[in-house]
Amino acid sequence: MNMEKLETLLKDEKSFRKKQIIKAVFNEFIENFDDATNLPKDLREKLKKEFPLKIEHKLFISDEGKSIKALITLEDGQKIESVLMRHKDRNTVCVSSQVGCAMGCAFCATGKLGLTRNLNVYEILGQILLFQRLLKKENERVSSVVFMGMGEPLLNYENVLSAVRLINDKEYFNIGIRHISISTCGIISGIKKLAKENMQINLALSLHFSDERKRIEFMPIERANHLTDTMSVIKEFIQKTGRKIMIEYLMLKGINDSEKDAQKLADLLINFETEKAHGKNKAPHYFVNIIAYNPTGGFKSSDKKSINDFKNILTEKGIDVVERFRFGREISGACGQLALNNVCIK
Ligand code: SAH
Ligand code: SF4
């Protein structure tokens with residue numbers, strides 16, 4: 001959807017027309033302007049021809065429909081992926097923020113592609129819209145959005161934040177800000193900026209390694225954004241927003257899944273909390289999300305026992321741990337390991 005084109009098309013129309021169109025498209029989720037009956041017929045015809053609502057895509061379904069991946073072709077032919085995860089009580093859409101990613105994390109399929117370009121605001125919204133249109137047929141809605149698809153959201157800061165505001169906007173998707181999450185590999189400047197937004201958004205840090213020397217080996221971001229500094233800005237974020245942080249930890253067999261690694265993670269988090277916990281609220285301001293690695297090449301996923309032992313060590317130290325539900329493995333639909341499969345799906 002090309003919003004600049006819409007502006008041009010509406011330049012001789014009454015000013016409230018744009019609002020009506022936005023509402024019809026992003027709040028009532030129409031797929032055809034014939035359904036926007038509050039618009040005059042000639043305008044509807046013009047919009048049908050010149051402002052197509054179609055989002056070009058292919059769908060891949062798995063887990064008996066609980067997980068749906070969309071491969072979306074953008075107007076310039078670039079391809080991105082998004083995933084709908086259907087839980088009992090909510091529908092979460094995992095969106096991409098960039099075509100590819102410049103961060104080059106060794107375990108990530110998107111990282112292998114390098115960065116092509118940032119997504120614009122409406123390319124981000126289009127991903128949610130696509131799934132919302134599907135859900136509408138079942139009288140359901142997208143209830144949460146996570147920026148955990150392709151790309152590093154904090155390196156496309158302005159567009160991601162504008163998209164977040166519109167996802168939250170009553171005239172658009174009207175999804176509560178507390179149901180929107182941004183995941184970052186640790187872009188310090190971006191976290192600082194986000195802390196100043198005065199927003200109750202969720203922030204997730206893809207930590208994956210508590211040892212800086214190990215982290216640098218697999219996550220090049222560590223070279224310029226050291227973990228100690230990242231953890232201090234995370235602290236600022238917590239102090240400013242009062243939100244809990246999600247610490248993501250990807251379990252890579254033989255690399256970061258030993259008991260020693262678990263101890264080290266526990267120490268890092270406990271120190272972090274002790275330094276910070278002067279306030280009235282003594283409850284931990286973080287929880288750990290253990291992520292099973294989806295094999296995309298070069299690494300093996302940890303076995304069940306290592307994952308359980310790892311979790312137990314953290315739990316014994318009083319750290320909250322959850323394990324991300326493994327939706328959509330068979331369609332490569334889990335967030336963060338998208339993209340490379342594009343090569344073979346066509
Ligand atoms: N760039 C951001 C958000 C996108 S990646 C970030 O790195 O946080 C979303 C999550 O998927 C990150 O935690 C990332 O480390 C993880 N991830 C990457 N490759 C993965 C894989 N093969 N299996 C499971 N998770 C993966
Ligand atoms: Fe980029 Fe995130 Fe993948 Fe790292 S894990 S390469 S930051 S998308």
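If you're wondering where the values come from, they're calculated on a predicted model, not measured in any experiment. Counting convention: from 1, in listed order, for ligands and their atoms alike.
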Specify side chain, backbone, both or neither for [X], according to which of its non-hydrogen atoms lie closer than 4.0 Å to ligand 1.
| X | result |
| --- | --- |
| L250 | side chain |
| N294 | both |
| M150 | neither |
| F107 | both |
| E152 | both |
| A292 | backbone |

Only heavy atoms count here, so choose which of [options] is nearest to [atom].
| atom | options | result |
| --- | --- | --- |
| atom 14 (C) of ligand 1 | M251, H208, M219 | H208 |
| atom 3 (Fe) of ligand 2 | S97, G186, P153, C108 | C108 |
| atom 8 (O) of ligand 1 | S301, A204, S206 | S206 |

Legend entry - N/O separation below 3.5 Å, G151 to ligand 1: yes
Legend entry - Backbone or side-chain N or O of Y293 under 3.5 Å from ligand 1 N or O: no
Legend entry - Pair F209 and Y249, ring centroids less than 6.0 Å apart: no
Inset, instruction - Taking side-chain hydrogen bond (donor to acceptor under 3.5 Å, both in side chains) as the test, write out the residues that go with K317, two or more places apart. - result: Q263
Inset, instruction - Under the side-chain hydrogen bond (donor to acceptor under 3.5 Å, both in side chains) rule, collect the residues that match up with T230, sequence neighbours excluded. - result: none
Decide whether [X] and [Y] meet the rule of one side-chain donor and one side-chain acceptor closer than 3.5 Å.
| X | Y | answer |
| --- | --- | --- |
| N91 | R141 | no |
| E248 | S183 | yes |
| E171 | N27 | no |
| E152 | T184 | yes |
| S232 | D229 | no |
| T315 | N312 | no |

Residue [X] vicinity, atoms of ligand 2 by number, heavy atom under 4.0 Å:
| X | answer |
| --- | --- |
| M103 | 1 (Fe), 7 (S) |
| G111 | 6 (S) |
| C101 | 1 (Fe), 6 (S), 7 (S), 8 (S) |

Legend entry - Under 3.5 Å: donor-acceptor pair, side chain of E7, backbone of M3: no
Inset, instruction - Would you check if the side chain of Y293 reaches a backbone N or O of T296 as a donor-acceptor pair within less than 3.5 Å? - result: yes
Counting each atom of ligand 1 from 1 as listed, which ones have a heavy atom of [X] under 4.0 Å away?
| X | result |
| --- | --- |
| T184 | 6 (C), 8 (O) |
| E248 | 13 (O) |
| T296 | 22 (N) |
| C185 | 6 (C), 7 (O), 8 (O) |

Inset, instruction - Examine all N, O or S atoms of C185, backbone included, and report whether one is under 2.8 Å from atom 1 (Fe) of ligand 2. - result: no
Inset, instruction - Examine C105 and say whether one of its N/O/S atoms is closer to atom 4 (Fe) of ligand 2 than 2.8 Å. - result: yes
Legend entry - G151 heavy atom under 4.0 Å from ligand 2: yes
Inset, instruction - Would you check, one step at a time, whether the test ring pair (Phe, Tyr, Trp, His ring centres under 6.0 Å) holds for F26 with Y122? - result: CA-CA 11 Å; F26 291 102; Y122 285 90; 5.6 Å; yes
Legend entry - Aromatic ring pairing H208/F107, orientation class (parallel under 30°, perpendicular over 60°, tilted between): perpendicular
Legend entry - Min heavy-atom dist G149 to ligand 1 below 4.0 Å: yes
Inset, instruction - May I ask whether F147 places a heavy atom under 4.0 Å from ligand 1? - result: yes
Legend entry - Heavy-atom closest contact (C185 atom, M219 atom, distance): CB-CE, 4.0 Å
